[in-house]
Amino acid sequence: MRCAALLVAALAFVCEAQPRVDWTQQKTEILKIYRDLIQIDTRAGNETKAVEYIRGVLEKDGISSQIYALEPARANLVARIKGNGSKRPLLILAHTDVVGVQKEKWPVDPFSAALKDGYVW
């Protein structure tokens with residue numbers, strides 16, 4: 001599973017300039033970001049597509065970031081929200097690639113992010 005949607009939510013939570021997050025209100029947006037990320041085929045060697053998507057999500061909320069890549073298709077993203085020093089820092093680390101998949105063994109397309117039986121597939 002992809003952790004980027006949780007990353008976005010956690011970054012919003014730790015930013016002291018932001019009011020407390022009403023998670024019930026944010027559910028629709030979080031689910032959209034989560035499903036969007038699943039739909040990006042990030043099997044190894046294709047991570048930059050997810051990095052670019054995440055960067056766009058962060059930019060919409062005014063969070064600047066940097067992309068670093070030794071190989072153009074395998075980029076990494078670093079975003080930072082500076083605090084005032086009154087609390088300990090928080091680091092969130094996640095990967096953007098997924099393992100190979102055998103589509104024929106899935107009841108749905110594994111990159112469809114289909115909503116089925118109350119779950120995102």
Side-chain angles (χ1 to χ4, degrees):
M1 287 196 199
R2 304 224 171 73
C3 299
L6 296 175
L7 169 66
V8 172
L11 287 172
F13 179 76
V14 299
C15 181
E16 291 187 20
Q18 299 291 325
R20 290 252 182 236
V21 175
D22 179 348
W23 295 112
T24 304
Q25 281 187 326
Q26 300 302 316
K27 182 179 177 180
T28 301
E29 181 180 4
I30 292 168
L31 182 60
K32 180 192 179 320
I33 292 168
Y34 181 66
R35 291 182 72 206
D36 287 350
L37 283 166
I38 290 171
Q39 292 172 347
I40 301 171
D41 182 351
T42 58
R43 287 176 275 190
N46 219 12
E47 296 89 345
T48 299
K49 291 177 183 180
V51 164
E52 290 169 346
Y53 176 83
I54 296 166
R55 186 176 200 188
V57 170
L58 294 173
E59 283 179 354
K60 287 179 186 174
D61 286 326
I63 301 170
S64 62
S65 61
Q66 294 286 320
I67 293 177
Y68 298 95
L70 292 176
E71 299 174 34
R74 305 204 71 188
N76 294 288
L77 182 71
V78 175
R80 181 176 182 187
I81 300 173
K82 291 187 179 184
N84 62 14
S86 65
K87 296 184 179 180
R88 294 179 63 173
L90 172 66
L91 172 68
I92 300 172
L93 178 66
H95 63 93
T96 54
D97 64 328
V98 295
V99 297
V101 63
Q102 296 173 318
K103 289 184 176 187
E104 66 278 0
K105 293 189 177 188
W106 282 66
V108 298
D109 178 349
F111 294 105
S112 70
L115 291 173
K116 183 178 176 184
D117 304 324
Y119 295 96
V120 177
W121 286 65

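Numbering starts at 1 and runs along the sequence shown.
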Sequence neighbours excluded, which residues qualify as side-chain contact (heavy atoms from CB on, under 4.5 Å) partners of [X]?
X      : answer
Asn76  : none
Pro107 : Lys116, Trp121
Gln66  : Tyr68
Ser112 : Val108, Asp109, Ala114

Partner set under salt bridge (Lys or Arg N to Asp or Glu O under 4.0 Å) for [X], not counting sequence neighbours:
X     : result
Glu59 : Arg55
Arg35 : none
Lys32 : Asp36

Separation of [Y] [atom2] from [X] [atom1] (nearest 0.5 Å):
X     : Y     : atom1 : atom2 : result
Gln25 : Ile30 : CD    : CD1   : 11.0 Å
Lys60 : Glu29 : NZ    : CD    : 8.5 Å
Arg80 : Ser64 : CZ    : OG    : 10.0 Å
Arg74 : Glu71 : CZ    : CD    : 6.0 Å
Ile40 : Asn46 : CD1   : CG    : 9.5 Å

Review point. Can you list the residues that meet the side-chain hydrogen bond (donor to acceptor under 3.5 Å, both in side chains) rule with Glu104, with sequence neighbours excluded?
Key: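 Here no residue qualifies.
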
Exercise for review: Under the side-chain hydrogen bond (donor to acceptor under 3.5 Å, both in side chains) rule, collect the residues that match up with Lys82, sequence neighbours excluded.
Suggested key: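 side-chain hydrogen bond (donor to acceptor under 3.5 Å, both in side chains) check on Lys82 returns nothing, list empty.
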
Practice item. Indicate the atoms forming the closest heavy-atom contact of Leu58 with Ser65, along with that distance. Key: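 So the minimum-distance heavy-atom pair works out to CD1-CB, 4.5 Å.
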
Strictly distance-based, threshold 3.5 Å: is any side-chain N or O of [X] a donor or acceptor partner for the main-chain N or O of [Y]?
X     : Y     : result
Thr48 : Pro72 : yes
Asn84 : Ser86 : yes
Glu47 : Gly45 : yes
Thr42 : Thr96 : yes
Asp41 : Arg43 : yes

Exercise for review: Flag the pair Phe111 / Val98 as yes when at least one side-chain heavy-atom distance between them is below 4.5 Å, and no otherwise.
Suggested key: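 Yes. Closest side-chain heavy atoms under 4.5 Å.
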
Point to revise | Heavy-atom check, side chain of Val120 versus side chain of Ile38, under 4.5 Å | key: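 Side chain of Val120 against side chain of Ile38, heavy atoms only: contact under 4.5 Å found.
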
Point to revise | Intermediate values then yes/no, side chain to side chain contact (heavy atoms under 4.5 Å, CB included), Val57 and Ile54 | key: CA-CA 5 Å; Val57 170; Ile54 296 166; 5.5 Å; no

